[in-house]
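To start, I am sharing the structure in question, which I have written as structure tokens.
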Amino acid sequence: MKEWWERKKRNSRKRKKESGSYTFWDFLVDALFWVPELLFLPLRIIFWLVRGFGRMIGELFDIV
């Protein structure tokens, strides 16, 4: 019985590694990477827009 159980565990572990399924830990790592991106993306967009408008206004004054 013990030999059968060891073979079953070994095959189960092998199948889990080869399946490539998306696990809870994969989700957690992805969420930890995406949360800062979602928080800072609006701030970066506002920063780039203000910077772009500032450069446009600066170019306008250079022409005059």
Side-chain angles (χ1 to χ4, degrees):
M1 182 73 172
K2 184 178 179 181
E3 296 158 6
W4 172 82
W5 182 249
E6 291 297 323
R7 223 175 335 124
K8 181 174 171 50
K9 280 195 325 186
R10 190 174 36 229
N11 288 340
S12 173
R13 287 182 188 152
K14 187 177 178 182
R15 194 175 312 126
K16 282 183 182 179
K17 287 181 182 178
E18 292 175 355
S19 70
S21 62
Y22 196 72
T23 63
F24 173 73
W25 296 110
D26 294 332
F27 167 75
L28 192 62
V29 170
D30 283 345
L32 287 175
F33 278 109
W34 275 97
V35 166
E37 287 294 322
L38 292 175
L39 290 175
F40 293 121
L41 180 64
L43 298 175
R44 280 191 279 165
I45 290 174
I46 292 169
F47 171 76
W48 286 107
L49 286 173
V50 168
R51 186 175 177 194
F53 284 130
R55 285 189 177 190
M56 200 165 54
I57 291 170
E59 291 292 325
L60 184 67
F61 284 125
D62 285 342
I63 292 173
V64 174

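Keep in mind that what you see is a predicted model, and the values were worked out from it rather than measured.
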Next item on the list: Please write out which residues are connected to Val50 in a hydrophobic cluster, directly or through intermediates, given that two of Ile, Leu, Val, Met, Phe, Trp, Tyr count as joined at side-chain heavy-atom separations below 4.5 angstrom.
Entry: Ile46

Next item on the list: Tell me who clusters with Val35, hydrophobic residues only, linked when side chains sit under 4.5 Å apart either directly or through other members.
Entry: Leu39

Checklist line | Partner set under side chain to side chain contact (heavy atoms under 4.5 Å, CB included) for Leu38, not counting sequence neighbours | finding: none

Next item on the list: Could you tell me whether Glu6 atom CD has more than 12 heavy atoms of other residues or ligands within 6.0 Å of it?
Entry: yes

Check: For residues 41-53, which residue pairs qualify under side chain to side chain donor-acceptor pair (under 3.5 Å), counting only residues two or more places apart or in two chains?
Finding: Glu37-Arg44

Note to self: If you compare all heavy atoms of Tyr22 against all heavy atoms of Phe27, which two are closest, and at what distance to 0.1 Å?
What the structure shows: OH-CA, 3.5 Å

Checklist line | Qualifying residues under side chain to side chain contact (heavy atoms under 4.5 Å, CB included), relative to Ile45, sequence neighbours excluded | finding: Leu41, Leu49

